[in-house]
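To start, the structure itself, in structure tokens.
We number each residue from 1, following the sequence as shown.
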Amino acid sequence: MANRDPLVVGRVISDVLVTDIPATTGTAFGQEVMCYESPRPTVGIHRYVFVLFRQLGRQTVYAPGWRHNFNTRDFAEIYNLGLPVAVVYFNCQKELGCGGRRSSTS
């Protein structure tokens, strides 16, 4: 599960949600509950958080009806996931003029 801008209320977005990942494999072997949607940040610094929970067993997990304002803590409580076993946090910055079509002046 990936969250963008987790410290800013109203700006948390779930980019993907995968469950039932066998312990010795990767996400490709899990159940994709919410398909990956590429982040589309505008300019500025953006925070990304990947959170991993250990499930007690296979269970039916329903996709939230929204990506925006996703609350990881509430989600973990609903599905009795406890505390995360791993978290990765990083910042990235998209600068003005990045991406898009390039034109030549020659």
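Put simply, Phe70 and Tyr62 are part of the same group of oily side chains (I, L, V, M, F, W, Y) that touch within less than 4.5 Å, one to the next. Val16 and Phe29 are members of different hydrophobic clusters when ILVMFWY side chains are connected at heavy-atom separations under 4.5 Å. In terms of hydrophobic clustering, with Ile, Leu, Val, Met, Phe, Trp and Tyr side chains grouped at heavy-atom distances under 4.5 Å, Val87 and Leu81 are assigned to a common cluster. Both Ile78 and Val33 are part of a single hydrophobic cluster, where members link through side-chain heavy atoms under 4.5 Å apart.
Separating the CG atom in Asn71 from the CD atom in Glu77 is a distance of 9.5 Å, to the nearest 0.5 Å. A distance of 5.5 Å separates CD of Gln31 from OG1 of Thr19, quoted to the nearest 0.5 Å.
Within the 4.5 Å cutoff, the side chain of Gln59 has heavy atoms near those of the Val61 side chain.
Of all heavy-atom pairs spanning Val85 and Phe53, the tightest one is CG2-C, 4.3 Å. Here the closest heavy-atom approach between residue Gln55 and residue Ile21 is recorded as OE1-N, 4.5 Å. Counting all heavy atoms, side chain and backbone alike, Pro22 lies closest to Thr25 at O-OG1, 2.9 Å. For Ala76 against Gly82, the heavy-atom pair with the smallest separation is CB-O, 4.0 Å. The shortest non-hydrogen separation linking Thr27 to Val18 is O-CG1, 3.8 Å. When all heavy atoms of Leu17 and Pro64 are compared, the closest pair comes out as CD2-CD, 3.9 Å.
If you look at Tyr89 and Tyr48, their ring centroids are not closer than 6.0 Å.
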